[in-house]
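These values consider heavy atoms only, across backbone and side chains, with no hydrogens, waters or symmetry-generated copies. Here the structure is a predicted model, which means the values were calculated and not measured. Just so we're on the same page: letters track the sequence lines, and every chain starts at 1.
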Amino acid sequence: MKFIIDRFDGKKNYQQTYTVEKKDIEALTLLGTLLFIKQHQDITLNFTASCRMAICGACGVRVNGHAYLACDTKMTELFEEYKDADTFRISPLSNYTVISDLAVDWEPSIENLRKVKPGLVAKSEFSEKEGCRQNQEEYDRIVGQWDCILCGVCASECNKLSADRSDYMEPFVYTRAWKVANDSRTKDPMIHVKPTVTNGLWNCVHCHECTNRCPKHISAAEDIAGLRAMAMRKGLNSGVGPAHAKSFYTDLVEDSGRLNEIRLALRTEGMSTALRAAANKE
Amino acid sequence: MSEQFTRREFLQSACITMGALAVSTTGADKAFAATSTSTPNTSGMPSCDVLIIGSGAAGLRAAVAARKKNPNLSVVVVSKVMPTRSATTMAEGGINGVIDFSEGDSFELHAKDTVKGGDFLVDQDTALKFATYAGAAIHELDYLGMPFSRNAKGEVNKRYAGGASKIRCNFASDKTGHILTHTCLDDALKHGVKFLMDHHMLDLSIENGRCEGVVLRNIRTGDIAPVRAKSVVLATGGYTRVFWNRTSTPFIATGDGAAAVLRAGLVFKDPEMLQFHPTGVCHGGTLITEAARGEGGILLNNQGERFMKRYVPNKMELAPRDIVARSIETEIREGRAFGHDMEAYVLLDVTHLGKEKIMRDLPQIRHIGMLFENMDLVEKPIAIRPTAHYSMGGIHVTSIDTMATPAPGLYAAGEAACVSIHGANRLGGNSLCDATVTGKIAGTNAAEYAAKADFGAGKRLNDLTLKWTSHFKEITGSGKGNVNDMYALREELGAANWYNMGIFRTESKLLELADKHAEFQARYNAIRIPNANPVFNTAYTEYVELGNLLLASRAALMGATARKESRGSHYREDYLKRDDANFLDWKDVVVGQFKIEERKY
């Protein structure tokens, strides 16, 4: 069988096809297959991997366009998913700058994490000397988001990032902000919510592709919804996104129960933007 | 065209439309973004006050501690990977530290268990200080946002760990290490720590006895350059990859720090002390956490017998790791196991705990069972055998009060360091608190030193840089070499170390290994990498790492040969007894000249 791998040597992009006997790799994971190719066919093939047990997040790659954590994906699962295809296309994660072959640049992601101030600032009743208290319900509320391993799969799948990276962050960054904002020990959730609002919180388009493929079954889209609700509750309700959300609320809950789509665009965008958009279309 | 318009394309066009409509708020964002670039200069190789090598829990805690100690200092964390790809993330069971004194537990008891578990090679004053700091560290981590599992009162929850006389292993599900790493990353970001990721430390420069910086290779560009630093903290992790495929640790645990220290002529202490964890999956060595036994899992041989009753009847599966590991290997050697050769195994059974408990408290190991053994341990027992797990030995550090090495300006922390907390055998749950506690101490003291120190002359640093620059050309530039040479050698080294210097050691096997090491070293020196591209040349990274593993292997072999006694993880079949008279104040393997030196306190 064949693996077509998207290569980049620092200067040029090209595709390279590797032919591998199915019996050599069918018991392996996708990471095992990449290691097999590197160690037996092409030592110049570059990718990153560390723990090989789905906890360090180093080996996210794409197969046939979709992102997978390579060590967490058995080849048999891929055979099943792609109906015994005998050719697979392996590419680096999408929406990242490629450094070489399947290795991508994580530095911008770290800086995005920095923006949402992910370090918890505890309530004043707690102290460094005696720690905190948290009940089971409060713990359960955040523990799912803590499973995030920063593998980048959600970012690769994100349609919003593919369209325009300039005014949005990787979905896991919002998950990070939500996990700390939603923590019962947090003194002021807005420390973490505010930077998400100024960094694209309302630009998520609810496609839920991030949720679909997260190897840890986290829904960044839902975390974004949580952040939005919290932002509005705390008074950050001006702008296009909140106006759009409010329109739904007034129509569906307070008013007739039917969404008035004619008024929706006007109420969301405001008169001048709506007119400008109409003009742009022509 | 229209019928080929996929859902994804539709969504993306919708995004573009939305973007065009959105009111721009980017002015403030851009200003903010401009203040948060992580590399302090664009040439790629900065000089800085405190340079931390390694981004596991020890490195990240050191960085925060240095920033807190003196916010005016530039603190940079160098890592050959992205900061959260470290061995720390893989720790599962928990983190020791006494915070509940109601059942009679105390720092003294924690220290006593640590000393006893380490088979008395532990420095006892150090162990007591360590236990005291460990207790404080738990509350501190909780305060920093680490989501510990909770008891009914909302306090940090704890479980039993092997070799402990009281329950004091605090945990966050069975992902304690992962949770700790990310807590530390968040805290480092909060404190403005800068990262230099994808940078590999090639060498450490010691001139006139003092540390003046390191040689770094920017993996992304291939640039090899000196970095001058007033103080350096080595938090480079362990060297258990000397057993290549029979270890639970990540691919990157190649003892880069220990090897650099050896080359620089400093002391690598207790290199023979490598811990074997009793329960790694049969295929690949990945760990099944001790928590599986802590929660009530049992070990069975091919007779269906719970064999631990013949070895340690009062502790059974919860005896210290070295004893359980040897018990399993004995079952394998004496034919009471399943499979054969490297694929031999016994069974670990947790099925009786029930699905609900496994899903709640042990979800990670269930996942590993599915991934590596293709089975669900809710339904049946899993195939396991011992796997190399931790390096008790490491860079010699003079005192837990400073975590300083004898070379001024050089500090070490976490698994990379040896301050004789774990002695000959580390207790379960003691590694994460070691990383947390010693990382903080090293960072604080490195900052204190840097505030008063000047930069070194940098002469030797430059020489080393030139040496490595030509090394890269020599190894990769010839266009020669076969693709599999290096990887085959790495496998052979791992297997030879496992068979000759593994759980059971004897004089004859160790002598045999010495010959093999000499042969491996010669082959290693002759290997050439057929990839001259400097950009992200992972093959060259692996070549350098293999060199470090060879060096660490040779050091471990020297220690193992010289230590003619059995103690903790070091088990000599030809010297079965512990020999306190000759070996309690034992000696350290030293330097490139490889000679044994007396231990001094």
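Side-chain contact between His182(B) and Leu150(A): present, with at least one pair of heavy atoms (C-beta onward) separated by less than 4.5 Å.
Neither the backbone nor the side chain of Leu28(A) comes within less than 4.5 Å of any heavy atom of chain B. Only the side chain of Arg185(A) comes within less than 4.5 Å of a heavy atom of chain B; its backbone N, CA, C and O stay farther away. Contacts between Asn112(A) and chain B at a heavy-atom distance below 4.5 Å are absent for every atom of the residue. Residue Ile191(A): no heavy atom, backbone or side chain, is found under 4.5 Å from chain B. At a 4.5 Å heavy-atom cutoff, the contact between Phe47(A) and chain B is made by backbone atoms alone. In this structure, chain B has heavy atoms under 4.5 Å from both the backbone and the side chain of Lys38(A). The parts of Asp72(A) that come within reach of chain B are both its backbone and its side chain, each placing non-hydrogen atoms under 4.5 angstrom from that chain. The part of Lys129(A) that comes within reach of chain B is its backbone (N, CA, C, O), which places non-hydrogen atoms under 4.5 angstrom from that chain. For chain B, the nearby part of Gln41(A) is the backbone; its heavy atoms alone come within less than 4.5 Å. For Glu130(A), the part sitting under 4.5 Å from any heavy atom of chain B is the backbone (N, CA, C, O) and nothing else. Only the side chain of Thr48(A) comes within contact range of chain B, judged by heavy atoms closer than 4.5 Å.
Between Asp186(B) and Lys117(A), no side-chain nitrogen of the basic residue sits less than 4.0 Å from a carboxylate oxygen of the acidic one, so the salt-bridge criterion is not met. Salt bridge Glu137(A)/Arg150(B): absent, no basic N to carboxylate O contact under 4.0 Å.
Once rounded to the nearest 0.5 Å, the distance linking NE2 of His40(A) with CG of Asn482(B) reads 12.0 Å.
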